[in-house]
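Comments concern the structure below.
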Protein chains: 2
Amino acid sequence: MFKTIEWQNNNVIMIDQRLLPNEEVYRTYKDFLDVAEAIREMVVRGAPAIGVAAAMGVALGALKINAKDRKGFVKEFEKICKIMAGTRPTAVNLFWAIERMKRVVKKNHKLSVDELKQTLIQEAQNIHEQDIEINKEMGRHGSKLIKNKATILTHCNAGALATAGYGTALGVIRAAVEQGKKIKVFADETRPFLQGSRLTAWELMKNGIDTTLITDNMAGYMMKKGLIDVVIVGADRIAANGDTANKIGTYSVAVLAKEHKIPFYVAAPISTIDLNIKHGDKIPIEERNIREVTHIKDIPIAPKNIKVKNPAFDVTPNRLITAIITERGIARKSFEKSLKRMVKADKIF
Amino acid sequence: MFKTIEWQNNNVIMIDQRLLPNEEVYRTYKDFLDVAEAIREMVVRGAPAIGVAAAMGVALGALKINAKDRKGFVKEFEKICKIMAGTRPTAVNLFWAIERMKRVVKKNHKLSVDELKQTLIQEAQNIHEQDIEINKEMGRHGSKLIKNKATILTHCNAGALATAGYGTALGVIRAAVEQGKKIKVFADETRPFLQGSRLTAWELMKNGIDTTLITDNMAGYMMKKGLIDVVIVGADRIAANGDTANKIGTYSVAVLAKEHKIPFYVAAPISTIDLNIKHGDKIPIEERNIREVTHIKDIPIAPKNIKVKNPAFDVTPNRLITAIITERGIARKSFEKSLKRMVKADKIF
């Protein structure tokens, strides 16, 4: 298969997701600033994978800090965390992972600078390994919702490429397939960045999972024809009330699912739930470069100087979500209660 | 400005819509088979424009028939009509225009072959000229539905490029703008063929109309933000009950409009109404080459050998349509009655 992200010999290795599916290129990062840039430029994307990359980036930065005492180290370390936190605004896993790295420093007063560096590297690797385990747990829970012979629509890429491996929404699909269920997947291509056609189609094909690619605007047609039994998507941030920020277009899919009485599931780790945000309308929505809309590679597909909007995410209100699948089980309405219970069940910190 | 299609010196001239907005290339057609291929390959597209192109193609074919008597001429003429009718299945204007051409031959028993040829050329030019007039009438009626400072979402291209000029949905917008109303337009890019980004954005910019390009999956987000007051789209075929086939994705936009209580208007000439088809589910839906989805120009954007669906149209059920704007006024529910009355009001044949 492939590795989305790895810590190797004190470097961070990532598959360059911008080049998939045409080229499978692994890049080696030695400087945390380059990791920050890779997150910003979407070499790596997907909320859980962004979290892992941020943690590894922070570890990489920490490793190169030239300070002999704790005070000097902490000062530099905080700068690194700040830069890393400034890369992308919506996926809360980014801030969650940086927070975990910060806690390592806060908690370990007695370690030397060298020991702190090693502990930070270890923590980044823990986040990586735990993410795979978390995905598999999510798959175990979520696959119960998937019947044999189900046809599943997914939007964007919430797969192995969006995580440390296995995937959230696609992890649920993988688990169902591993249980011997016959599953068909429809993948929205997911404009403008084409995570569906470039990434989801690619990784599901590698697994031999029956996948059909459609453009985003075909989802309603497929539902109306009775071809979709279930929708499963990932999430970039889930508010305390269950409102879910995910890739632009998710909200439209959720409205269509409601119109056709199709269950709409969100699969995301606990680290994606942000209890500090009550409602979805408080989730910051990133606006990205309009060139993502006006060009494919270097080919212009729109007139010069046309006005363009490029919000990278939208918010699906809780009323349109049937259930939220996490590694701790399946949260149902009211989400205020079920999500709070799940998050508080076992403090990760 | 530009001309979508013209009859000039016994040739058909068309702007090659596949190359817009990057290149403005006019092609000259001397052979009806090349016009048929141009319709198939979407050099020209949009239901009314396809009708005009088919009529001109038939005229071009008729002109070159090498028969001295009526019988020989009619035999060849029917072959030409059959080939032209086989180009695309969904837009009924194609069949309507060919039928008009056939009626010229049927009605004029006494004309010589040469006179028939001239009458057919005249009929094709009439269809062309009438289409522009029809669009302007549609604009006059439809613009009454558009308030000053309205923001209008449109899907695909139902503009000057989709007709002999002026446009159906965009004709309504043009008329509102000509009346001095301040209008803002959001244009869905309309995957896979990108008629929105390549054509609608291009022609509205040429008119100085305030236009913002979005990807198809952003429409729901814009509606939820309260940025869309009205949706107007064109149509490829309208069944007797008002069910409307239009570019893939129209149905999703209609469901979203209903969810947000936004009026959803269809603008189309009477020639798009097919009283022979009772319900939308009887309208044939063209499936096009999957390369439209997997490639942009020659760049692959999906893995090799991925399964793909590429329905070019979908059907919006009448319940989601607020009103249908034609050159004879605004049809409201029940559409069975209002459309029938409009179609029968004045036989075109």
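Below, chains carry the letters A, B, ... as their sequence lines are ordered, and counting in each starts from 1.
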Discussion item. Looking at A:K307, is its backbone amide N or carbonyl O close enough to the side chain of B:T211 to form a donor-acceptor pair, meaning the two atoms are under 3.5 Å apart?
Written reply: no

Fill in: Residue B:K181 excluded, over 12 heavy atoms near NZ under 6.0 Å
yes

Item to complete: Determine, stepwise, if the pair A:I232 / A:I146 fulfils side chain to side chain contact (heavy atoms under 4.5 Å, CB included).
Response: CA-CA 10 Å; A:I232 312 181; A:I146 310 301; 3.6 Å; yes

Worksheet entry | Parallel, tilted or perpendicular: rings of A:Y251 and B:H260 (30°, 60°) | perpendicular

Worksheet item: Which of the residues A:V293, A:I301, A:L194, A:L256 is involved in the greatest number of heavy-atom pairs with chain B at under 4.5 angstrom?
Response: A:I301

Worksheet, complete the sentence: If one checks every heavy atom of A:P303 against chain B at 4.5 Å, the contacting part turns out to be both

Worksheet item: Any idea which of B:A201, B:A254, B:S197 has the most non-hydrogen atom pairs under 4.5 angstrom with chain A?
Response: B:S197

Worksheet item: Given that the side chain runs from C-beta out, which part of B:D188 has a heavy atom under 4.5 Å from chain A: side chain, backbone, both or neither?
Response: neither

Practice prompt. Considering only heavy atoms and a distance below 4.5 Å, find which of A:I248, A:T215, A:I214, A:L204 pairs most often with chain B.
Written response: A:I248

Item to complete: Return the option, out of A:K225, A:E189, A:K304, with the maximum number of heavy-atom pairs under 4.5 Å with chain B.
Response: A:E189

Fill in: Electrostatic pair A:R237-A:E286, nearest N-O below 4.0 angstrom
no

Discussion item. Under 4.5 Å from any heavy atom of chain B, what part of A:V315 do you find: side chain, backbone, both or neither?
Written reply: both

Worksheet item: Checking heavy atoms, do the side chain of A:K247, its backbone, both or neither come under 4.5 Å from chain B?
Response: neither

Response to the item:
Cut-off 4.5 Å, heavy atoms of chain B, and the answer for A:L20 is neither

Worksheet item: Between A:D281 and chain B, which part of the residue has a heavy atom less than 4.5 Å away: side chain, backbone, both or neither?
Response: neither

Worksheet item: Heavy-atom distance under 4.5 Å to chain B: side chain of A:D216, backbone, both or neither?
Response: side chain

Worksheet entry | Side-chain donor or acceptor of B:D243 paired with backbone N/O of B:G280 under 3.5 Å | yes

Fill in: chain B contact via A:N22 - which portion, at a heavy-atom distance below 4.5 Å
side chain

Discussion item. What I want to check is whether the side chains of A:N157 and A:E203 have a donor and an acceptor closer together than 3.5 Å.
Written reply: yes

Worksheet item: Between the side chains of B:R45 and B:Q195, does any donor sit under 3.5 Å from an acceptor?
Response: no

Discussion item. Between B:D298 and B:R291, is the side chain to side chain contact (heavy atoms under 4.5 Å, CB included) condition met? List the steps.
Written reply: CA-CA 9 Å; B:D298 287 327; B:R291 201 180 158 91; 3.1 Å; yes

Worksheet item: Where on A:M205 is there a heavy atom nearer than 4.5 Å to chain B: the side chain, the backbone, both, or neither?
Response: side chain

Worksheet, complete the sentence: Cut-off 4.5 Å, heavy atoms of chain A, and the answer for B:I296 is both

Worksheet item: Between B:N310, B:V253, B:V308, which has the largest tally of heavy atom pairs under 4.5 Å with chain A?
Response: B:V308

Practice prompt. Kindly say whether B:P284 contributes a backbone atom to a donor-acceptor pair with the side chain of B:T90 at under 3.5 angstrom?
Written response: yes

Item to complete: Let me know if A:H295 has heavy atoms under 4.5 Å from chain B in its side chain, its backbone, both or neither.
Response: neither

Practice prompt. Heavy-atom pairs under 4.5 Å with chain B are the metric here; pick the option from A:H155, A:K224, A:R198 that has the most.
Written response: A:K224

Worksheet entry | Interchain contact, A:D210 with chain B, by part (heavy-atom threshold 4.5 Å) | side chain

Item to complete: Step by step, work out the side chain to side chain contact (heavy atoms under 4.5 Å, CB included) result for A:I321 and A:F264.
Response: CA-CA 5 Å; A:I321 299 168; A:F264 182 93; 4.1 Å; yes

Worksheet, complete the sentence: Between A:V231 and the options A:I262, A:V266, A:T250, A:I152, the side chain to side chain contact (heavy atoms under 4.5 Å, CB included) test singles out A:I262

Practice prompt. Heavy-atom distances under 4.5 Å only: say whether A:M222 touches chain B with side chain, backbone, both or neither.
Written response: side chain

